[in-house]
Amino acid sequence: MIVRELELDLDAFEGPFDLLLTLVLKDELDLVELDVAAIVLAFLERLFERDELDLDACGEFLVLISALLELKARGLFPEEAAELAELEPEQAAEELARRLAEYRRMKEAAGWLRERLEVEGDRYFRIGPAPLAPKVEPTLAPHDPARLAAALRLMAVPPPEVSLAHMALRFPPVVQFLERFRSVLKRRSRFDFDQEVGELSRIEQAVAFLALLELRREGEISIEQAAPFAPIRISRSDVEREDSWTLRSA
Amino acid sequence: MDAPLRLIASNPLDQLAKTVEALLVVASAPLTAQDLAEAAADDPERVEAALGLVGERYREGRSGIVLEHVAGGWAFRASREAAEACARLIEKPAQRNLSQAALETLAIVAYLGPCTRPDVTRIRGVAADSAVASLLERGLISEAGRDEEAGGAIRYRTTPLFERVFGLESLSELPRLDDLGAGVDEIRDRLHAVAEKRTA
Amino acid sequence: MDAPLRLIASNPLDQLAKTVEALLVVASAPLTAQDLAEAAADDPERVEAALGLVGERYREGRSGIVLEHVAGGWAFRASREAAEACARLIEKPAQRNLSQAALETLAIVAYLGPCTRPDVTRIRGVAADSAVASLLERGLISEAGRDEEAGGAIRYRTTPLFERVFGLESLSELPRLDDLGAGVDEIRDRLHAVAEKRTA
């Protein structure tokens, strides 16, 4: 299965996956309009139509969809979202889900408004004053000048400072980990993923994992894990050839 | 009050209905029965009765002018039969070519209003500046003071024009938020279905 | 033109009169027979005839709505009998108040001296066009020449009426804002800095 040719039929887009990526990269398709979950579902459904697990396709898909998610996440959490940084990862995940649900509701409400417009399109009201309405002499009640001072003071209230604490939520570039792992593999033929990234934040670990998938896709490494949640072991591909055990044969 | 009693004697319901017609034809926004009663210096119950007469006279199909209850009040509009002619007359009604971004922003302001631009940005995930500007220009939203807690950001709310354009008697006619977001459940269900297949 | 000819057959005069009623009730300026004919996609002579029917229906004494021919064309107005009620309607207490946007614009013009619309927009962080228009209409600000440096934009200053409404003998009696800065320039700089942060 070739992931780039995966046919998608989404609200905002219809066509192959690679065209979608091109449009996103050229800024011709707004990621906010894009339902990433629908892409994942389309891929999973295609995957389960087949009996065998296509690991190459899964790896490629994970890299591509992660990149999309990363772009979308950056868009969804601009600097204003500083308060998220103070949350525990589980709370942050819950907050993410809540916001996603909130946005979906608003999107549906927008759809409702659009339908309403179509139904109500043939009702015309006058907008603005009547042509021959009586003219009003502008009369104003006395005002307290303190209100003017208060209005100006309110405009001088600085907006909340953008906290730098949420930098942890930012995504380090994948390439940073590609280089890091390549240099580790120059010194050692194998390493243990958890040991290498144990000190890092969750986000960094996730990006580091993406780097692993990318390296494997390029054929530079092989990945080995004895059981779910067991340590992930990484070995250089030239070493892998010496061993008989590879992920592909597993 | 004495005055209304005196007026009732000299002002039969038909006369009051004419006053109501006059008030509605010069008003630039829907008027409540209370507004009409105050302007007509008559009592709200009699105004309601007069509105019944006016509504009978200006009902769809009977006249080119139709009385409608909208945006919490009463207003005259053009009959639906004349919609095409009105479209030719009024070049840019507030509702033409509303972008998806503008509609989403409008939905957020309608449900959460008054709210600020950062509020809209937080939910939509992209800056809402141009959507807000276009809604302001169309008169579908208006400023509603500043949010002192959010560093003096300007807050926005929907206008009576919004209700008129969307044919709502009030914001309470919007669908309940609990009933929206069905897509969220659907995705969850589909994910569960896939997961079950997998373990089967 | 073919289309109007075809329409004439299917559109009896009474129908056209209803369309004319509809157009007049949504218009915000008087409409000429030509305007009405174009919108109704019918011919001006038939529209004149239809206007005769409409004028008969909406004449003084018969309805609260009266068709009137003024310099610019045809328009509906309120009947003379309803003049007092219309005056009460339009003189609403709400009109006597200033919106937050108007108050802010007024504060900027009063404290910082003559300034242009772009100046006000820069400090408020949002366009001030409708606020400026309403303040001009109420006579609280007036034009004060053009700002040659800012591409000839019109500058505005407060009026004597402004001083009367706010009970000031002169602008020097405005409450002091020492907490915001030592002088006008310092206050302006501070407002600019905050506005930039807010819109960033």
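Residue numbers begin at 1 in each chain, while the letters A, B, ... track the order of the sequences.
- With a 4.5 Å cut-off on side-chain heavy atoms, L89(B) and L31(C) count as touching.
- When heavy atoms are compared at a cutoff of 4.5 Å, L24(B) does not approach chain C at all.
- Interface remark: E104(C) contributes side-chain atoms only to the contact with chain B (heavy atom separation under 4.5 Å).
- The minimum heavy-atom distance between Q100(C) and G145(B), with the atom names listed, is CG-CA, 3.7 Å.
- For A39(B) against R88(C), the heavy-atom pair with the smallest separation is O-NE, 2.7 Å.
- Side-chain contact check for Y58(C) versus I65(B): some heavy-atom pair is nearer than 4.5 Å.
- Both the backbone and the side chain of L23(B) come within less than 4.5 Å of a heavy atom of chain C.
- Expressed to the nearest 0.5 Å, how far CD of E84(B) lies from OG1 of T19(C) amounts to 10.0 Å.
- Side-chain contact check for R146(B) versus R124(C): some heavy-atom pair is nearer than 4.5 Å.
- Heavy-atom distances place the backbone of R77(C), and not its side chain, under 4.5 Å from chain B.
- In terms of heavy-atom proximity, A22(C) sits nearest to C86(B) at O-SG, 4.4 Å.
- In terms of modelled atom types and a separation under 3.5 Å, the side chain of K18(C) and the main chain of G61(B) share a donor-acceptor contact.
- In this structure, the portions of V26(C) lying under 4.5 Å from any heavy atom of chain B include both its backbone and its side chain.
- Residue contact with chain B, scored on non-hydrogen atoms closer than 4.5 Å, is absent for A131(C).
- Proximity to chain B involves both the backbone and the side chain of E21(C), based on heavy atoms less than 4.5 angstrom apart.
- L136(B) is listed as a side-chain neighbour of V126(C), based on a closest heavy-atom distance under 4.5 Å.
- Nearest approach of A127(C) to E143(B), heavy atoms of both residues: O-OE2, 4.2 Å.
- Once rounded to the nearest 0.5 Å, the distance linking CD of E137(B) with OG of S130(C) reads 11.5 Å.
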